[in-house]
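This is the structure I want to talk about, given as structure tokens.
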Amino acid sequence: MNGKTVMACIDAAYASLKEHTDEIALLDQQIGDGDHIFNLLRGMEALLAVRADIEAEDFGAALDLAASKVLSTVGGSSGPLFFSLLNGMAKASAGNAMDVAGFAHIYAAGVEAVGQRGKTGVGSKTMMDVLIPVAARFDELAVAGEPKAAVLEALPKVAEENMLATRDMLATKGRASFLGERSRGHIDPGARSSQLMITAVCARLAQNG
Ligand code: ADP
Ligand code: MG
């Protein structure tokens, strides 16, 4: 894992978000203000614009650079939240090996940082409803000594199940919470974008390195 791997994951996540632009825009129109996907695409495009700088760094510094670009370009609630994810992972990368167990810790540290920033856990109908169950399963699989290929196959399924489960939840955080009961019946846009990014990154990492 190095800056080139980080950039390959960003490319994969960007391609998937781009492909689902209309769908995610609609989700955020239904329970938010419609800007979520455009916030994310703007951030990802800022990352693509500094490709050479990201690729030249080691894993932690690449994530750190990506985090600061995200913070300065992504608006809405999700900018500081995705900054926290990347920054939390960058910080944790120093003390962890780049194997399944180490990466489970690094990812969990990122999710923990998002939780602190957004002051929420599972059940509020946010991206946390995808990020946390994925971290929990990642930890279980790492503790069980599962190989990388099995982990990369399992996590997208956890992400998808939990993304779909946001449909029936009542939103209690963020803009969607203003709708009260009317927030039910729609998938949370941040849960969908997070699930798509996790799936794309796992598929990319399963290809090599
Ligand atoms: P805004 O709601 O400010 O327009 P975005 O549209 O970019 O920001 O992001 C909305 C997404 O942010 C939601 O779908 C939800 O997943 C996520 N979100 C909102 N508030 C929180 C929070 N406190 N913690 C975690 N995620 C949150
Ligand atoms: Mg929005």
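Throughout, residue positions are numbered sequentially from 1 according to the sequence presented. Order of listing sets the numbers, starting from 1, for every ligand and every atom in it.
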### Query
Quick one: which ligand 1 atoms are inside 4.0 Å of a heavy atom on N39?
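Counting atoms of ligand 1 from 1, those under 4.0 Å from N39 are 5 (P), 7 (O).
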### Message
Keeping to distances under 2.8 Å, can you name the protein N/O/S atoms close to the Mg ion (ligand 2)?
### Response
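Correct list: D28 OD2, D33 OD1, D35 OD1.
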### Query
Are R184 and E181 within salt-bridge range, i.e. N to O under 4.0 Å?
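Salt bridge flag = yes for E181 with R184.
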### Query
Is the CG atom of D22 crowded by more than 12 outside heavy atoms at less than 6.0 Å?
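No, because the 6.0 Å sphere around CG of D22 holds 12 heavy atoms or fewer from other groups.
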### Task
Go through ligand 1 atom by atom and flag the ones less than 4.0 Å from a non-hydrogen atom of D33.
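Selected atoms, number and element: 4 (O).
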### Task
Could you check T120, V114, V122, T126 and say which one makes a side-chain contact (heavy atoms from CB on, under 4.5 Å) with I132?
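Between I132 and the candidates, side-chain contact (heavy atoms from CB on, under 4.5 Å) is satisfied uniquely by V122.
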### Query
Got a donor-acceptor contact below 3.5 angstrom from the S77 side chain to the G174 backbone?
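Absent.
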### Task
Answer yes or no: is there a side-chain heavy-atom contact under 4.5 Å between M127 and L81?
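Answer yes - side chains close enough.
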### Message
Between the side chains of D11 and R51, is the shortest nitrogen-to-carboxylate-oxygen separation below 4.0 Å, so that they form an ion pair?
### Response
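Counted as a salt bridge, because a side-chain N and a carboxylate O are separated by less than 4.0 Å.
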### Query
When rounded to the nearest 0.5 angstrom, what is the spacing between CZ in R42 and CG in D35?
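That separation rounds to 8.0 Å.
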### Query
Looking only at distance, does K173 have an N or O less than 3.5 Å from an N or O of ligand 1?
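Min N/O separation from ligand 1 is not below 3.5 Å for K173.
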### Task
State plainly whether the residues R137 and E140 are in salt-bridge range, i.e. N to O under 4.0 Å.
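Salt bridge: yes.
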### Query
Would one find an N or O of D28, backbone or side chain, under 3.5 Å from an N or O of ligand 1?
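For ligand 1, there is an N or O atom that lies under 3.5 Å from one belonging to D28.
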### Which of the ligand 1 atoms, numbered from 1, are nearer than 4.0 Å to a heavy atom of G190
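Once the distances to G190 are compared, the set is 14 (O), 16 (O).
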### Message
Starting from atom 24 (N) of ligand 1, what is the nearest protein heavy atom, named by residue and atom, and what distance separates them?
### Response
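That would be T120 CG2, 3.3 Å.
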### Query
Quick one: nearest non-hydrogen protein atom to atom 14 (O) of ligand 1, plus distance?
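The protein heavy atom lying closest is D188 OD1, 2.6 Å.
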### Query
What residue and atom, counting heavy atoms only, is the protein's closest point to atom 8 (O) of ligand 1, and at what distance?
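For atom 8 (O) of ligand 1, the nearest protein heavy atom is S77 N, 3.0 Å.
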### Query
Are M169 and L164 in one and the same hydrophobic cluster, where Ile, Leu, Val, Met, Phe, Trp and Tyr link if side-chain heavy atoms are under 4.5 Å apart?
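No, separate clusters.
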### Task
Kindly check if the number of other-residue, nucleotide or ligand heavy atoms within 6.0 Å of NE2 (H186) is above 12?
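Atom NE2 in H186 is crowded, with more than 12 foreign heavy atoms closer than 6.0 Å.
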### Query
Considering only heavy atoms, does T126 approach ligand 1 within less than 4.0 Å through its side chain, its backbone, both, or neither?
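Both backbone and side chain of T126 come within 4.0 Å of ligand 1.
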### Task
Ignoring hydrogens, just give me the one of L27, L81, I31, L131 whose non-hydrogen atom is nearest atom 18 (N) of ligand 1.
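When every heavy atom of L27, L81, I31, L131 is considered, L81 comes closest to atom 18 (N) of ligand 1.
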### Message
In this structure, would I24 and I31 fall into the same cluster of hydrophobic residues linked by side-chain contacts under 4.5 Å?
### Response
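No: no chain of side-chain contacts under 4.5 Å links I24 to I31.
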### Nearest protein heavy atom with distance in Å, relative to atom 9 (O) of ligand 1
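In this structure, atom 9 (O) of ligand 1 has H36 ND1, 3.1 Å as its nearest protein heavy atom.
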### Query
Less than 3.5 Å between some nitrogen or oxygen of D35 and one of ligand 1, yes or no?
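For ligand 1, there is an N or O atom that lies under 3.5 Å from one belonging to D35.
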### Query
At what distance is the nearest protein heavy atom to atom 7 (O) of ligand 1, and which residue and atom is it?
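Atom 7 (O) of ligand 1 sits closest to the protein heavy atom S78 OG, 2.5 Å.
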### CD (Q29) with more than 12 external heavy atoms under 6.0 Å
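Yes, enclosed.
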### Task
Among all protein heavy atoms, pick the one closest to atom 20 (N) of ligand 1 and tell me residue, atom and distance.
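For this ligand atom, the closest protein heavy atom is G174 CA, 3.7 Å.
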### Query
Going hydrophobic residue to hydrophobic residue with side-chain gaps under 4.5 angstrom, can you get from V74 over to F38?
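V74 clusters together with F38.
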### Shortest protein heavy-atom distance from atom 17 (C) of ligand 1, along with the residue and atom involved
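That would be M127 CE, 3.8 Å.
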### Where ligand 1 meets G76 - atom numbers and elements under 4.0 angstrom, heavy-atom basis
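Close to G76: 3 (O), 8 (O).
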#### Entry: Closest to atom 23 (N) of ligand 1 (judged by heavy-atom distance), picking from P189, A171, S177, G118
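It is G118 that holds the nearest heavy atom.
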### Query
Which of the atoms in ligand 1, numbered in the order shown and given with their element, are less than 4.0 Å from a heavy-atom of R175?
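Heavy-atom distances to R175 below 4.0 Å select 1 (P), 2 (O), 3 (O), 4 (O).
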### Message
Is it true that N87 and S84 share a donor-acceptor pair across their side chains at a distance under 3.5 Å?
### Response
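No, N87 and S84 have no side-chain donor paired with an acceptor closer than 3.5 Å.
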### Task
Kindly say whether I106 contributes a backbone atom to a donor-acceptor pair with the side chain of N96 at under 3.5 angstrom?
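No.
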